[in-house]
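All ligand and atom numbering here is 1-based and tracks the order in the structure.
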Amino acid sequence: MAWEPIRKTRHQAVQPNLADYEGECREFSWQAARRSLDGLPGGQGLNIAHEAVDRHMGTPRSDQAALRCVGKDDKVTELTYRDLYVATNRFANVLRELGVGKGERVFTLLGRVPDLYVTVLGALKNLSVLSPLFSAFGPEPIRERLYLGDGRVLVTTPEFYVRKIAAIRESLPGLKHVLVTGVGPTPEGTLPLAELTAAARGEFDIPPTDPEDMALLHFTSGTTGRPKGAVHVHEAVVAHHLTAAYALDLRSPDVFWCTADPGWVTGMSYGVIAPLSLGLVLVADAGEFDSRRWYRVLQEQGVTVWYTSPTALRMLMRAGDALAGGYDLSRLRFIASVGEPLNPEVAVWGLRALGLPVHDNWWQTETGAIMISNYAAMDIKPGSMGRPLPGIDAVLLERGEDGRALVTDGHVRVIEEAGVDGELALRPGWPSMFRGYLGEQERYIKAFAGGWYLSGDIARNDKDGYFWFVARADDVIKSAGHLIGPFEVESVLMEHPAVAEAGVIGKPDPVAGELVKAFVTLNSGFEPAEKLRLELIAFGRRRLGAVAPKEIAFDQNLPHTRSGKVMRRLLKARELGFPEGDLSTLERPARKPGDQGDRRPSC
Ligand code: ATP
Ligand code: MG
C-alpha cells in the first residue's frame, strides 16, 4: 500500500522560526549553536549540569516546576528548578567529601525517581562520569557494566542492593561506595544517601569544565551482540538542547514526557538533559507500561509533547481505538518515536485514533542525539524517519559483498541517486558524537571510513530527501538475489488484523541462499491455527511478491531487548539451534500469551 503523506496542519505548527526547515539548514552552524547555551560563569567552560539546572537560577523559571515524578502509587513529587539546584549541589558535595573526583565513574541503578535526576546532575557538577544502568537488569549485566566501566560509586535502592548487588560486590573491588536511597536502616556495606545529602552544603561551585571532559558512559542496547560503552563529553549538551528544540519542537512552557528508561541514551539525552536545559516541565513515570496508566498520565499531567517507542505505540494500538478515545489528550501536540522502525501502520493509527501525528526519528547511542527526524513543520511520510536535522550531514554509501559500506584504499562512494539502498553514514563533527568505545579503540576506529561515521544501518532516501530505514546491516536477508529488509516484511504483516507484532529472519536455504521466515504475535481474539498461517502466507505473497515470507510461525513471546527492539539475532539463533550468545539485554519473556509481563518499552 502506498501511504498518503500526513500533512502538517496549522494548529500543529510549531515555533515560527522552526517552520522553515530549508532556511534553518542553510543558516546553521554548530559554532553559532554553541552560543545558545550559557557556559560556566567567567568563561570556565561548558558543563551539562550547569546548562540543565544552574543557568535557570536568578530567572523567573527558578521557582517553576522542573520535574514531576509520578510514583508507582500515583503520588506526584514535584521539584522546582531551585529544589533541583540545591539537591544537586548537595550531592556534588557528598561525592567530593567521599573523595570521588573528576573522571571517576558514578553508576545509577534507579527507577525514574527524584534521586535519579539529582544523582545524574550532581555527579556531572562534580565532573564525575555518570553511567546509568537499566533498572530491570539482573546481577550479571550489572556486574559486567560496572566492571567494564570501572564503577567507583553506585547509587541504588536498598531492595536492588540486596537482590542484585550484594552477591556480586566482592567481584568488584573498584566499587568503593554504594549509596542507598530511602530512609531507615541501610544494608551492610552501604551508605545512606539521604543522611549524607542532608548533612552536605547546598552550595557548590562547578569546577572549570573542558567541553571535551568525559561526562557520560552509555552502554548500547546490545541488539547485535556484546554491548559497547560509548563515551560522551560535556559538549554534547549543545546537541541535546538544539535537537530537542528542532526535532521535538520543545520550548517553555512545554510539559514533556519521555518514556525511555534513564538506563538508555534516550532516557538521558531527552529524559533528563535536553528538557531541563530548555527550562520545561519534565514528567517522569515510575510505573510500568500499562495502556490505561499511560493515557492517564498524558491526560492528568497535561503533556504537550510525548517521546516514546514503536513498541509502546504498538501496544497502545493493540489496546484498541475505544480506549484511546476515552482520554482528553487535547494538550498533546504530537508524539515522537525512536529506537526501532516505526511501522507506517502505527503512524496512521496515531492520526486516526489519537488525532496526533507521530514523528519518527533516528539516532543511536553513538550519536548521542537525534540525527534524522520528521522535523516539526515537515509533512510526514509514514514509514520514513524524516530528514537530517540542521547541522547533520547524512549520506548513503555504496555497499560491498558483506553488506557494509565498500571501502577501497580508505575511500567510500556516496550514492547520488534516490531510492538506492546504502549504509547510512554521517559526517562527524556534531557535539554529541561519541568520543570512543571505552577500552575498545580498534572497534572505534573501524566505525569510520573515508571521513564518515558508519552507522551499521541500511537505508535509502527519496527525491525529497526523506530517509527510509531498511535494516541493520547484519539483519539484511539475501534471498534468491533479492536483498530484503526484515522491517518492511514485518510492517506489511502487521497490516493484517490478526497480527500485533512480527519478527522476520533469513533462514539458510540450499536454493535461495536464505528464505524469509516470520514469527508473529497475534492480537487478542485470534488463535494460532493452520488456516490462519496459510492466510498470512497468502496475504504476504499478495502484498510483497517475491520477498514475502515462505514460512510463518506463531510466537506470543517474541524476544525483545530491554530497550524494546525485536531481537532478530536471537530468533535466528533459536531457529538454527545456534548458541544464543550474549543475552544480557534480553527482556524477560511475558508471563502468558498476550500478557506484556514486566516489559517496559523504552528506547
Ligand atoms: P548494539 O549497537 O549494541 O547492537 P543497538 O544498535 O540496538 O545495540 P542503540 O544505540 O540503542 O543500540 O540503538 C540504535 C539503533 O536502533 C540504530 O542503529 C537503529 O538500528 C535502531 N533505530 C533507532 N531509531 C530508529 C528508527 N527511527 N528507525 C529504525 N531504526 C531505528
Ligand atoms: Mg548499534
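By the criterion of a heavy-atom distance under 4.0 Å, both the backbone and the side chain of W362 are placed next to ligand 1. Only side-chain heavy atoms of D457 come within less than 4.0 Å of ligand 1; its backbone N, CA, C and O stay farther off. Residue-level proximity to ligand 1 for N361 is carried by the backbone, the only part with a heavy atom below 4.0 angstrom. Heavy atoms of W363 found under 4.0 angstrom from ligand 1 belong exclusively to the backbone.
Note on ring orientation: taking the six-membered ring where Trp is involved, the planes of H232 and F434 are tilted (angle from 30° to 60°). In this structure, W264 and F134 have tilted ring planes: the angle between them lies in the 30° to 60° band. Using cut-offs of 30° and 60° for the angle between ring planes, the Y307 and F256 rings count as tilted.
The pair E423-R472 does not meet the salt-bridge criterion, since no charged nitrogen lies less than 4.0 angstrom from a carboxylate oxygen. Look at E340 and R314 and you find a salt bridge, because one of the NZ, NE, NH1 or NH2 atoms lies within 4.0 Å of a carboxylate O, short of that distance.
Using modelled atom types, one side-chain atom of T220 and one backbone atom of K228 make a donor-acceptor pair closer than 3.5 Å.
Of all the listed residues (H218, Q364, R472), R472 holds the heavy atom that lies closest to atom 6 (O) of ligand 1. Comparing heavy-atom distances from atom 10 (O) of ligand 1 across T365, V470, V265, L342 singles out T365 as nearest. Evaluated by nearest non-hydrogen atom to atom 26 (C) of ligand 1, the leading choice among E340, M371, H359 is E340. One option in S384, G339, A230 has a heavy atom closer to atom 24 (N) of ligand 1 than any other, and that option is G339.
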### Task
Quick one: do Y295 and L316 satisfy side chain to side chain contact (heavy atoms under 4.5 Å, CB included)? Show the steps, please.
CA-CA 9 Å; Y295 281 133; L316 291 183; 3.7 Å; yes
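The shortest N/O to N/O separation between T220 and ligand 1 falls below 3.5 Å. At under 3.5 Å, not a single nitrogen or oxygen of S455, backbone or side chain, sits near a nitrogen or oxygen of ligand 1.
Residues F289 and W294 place their aromatic rings such that the two centres sit under 6.0 Å apart.
Ligand 1 places these atoms under 4.0 Å from at least one heavy atom of V338: 24 (N). Less than 4.0 angstrom separates some heavy atom of K228 from each of these atoms of ligand 1: 1 (P), 2 (O), 3 (O).
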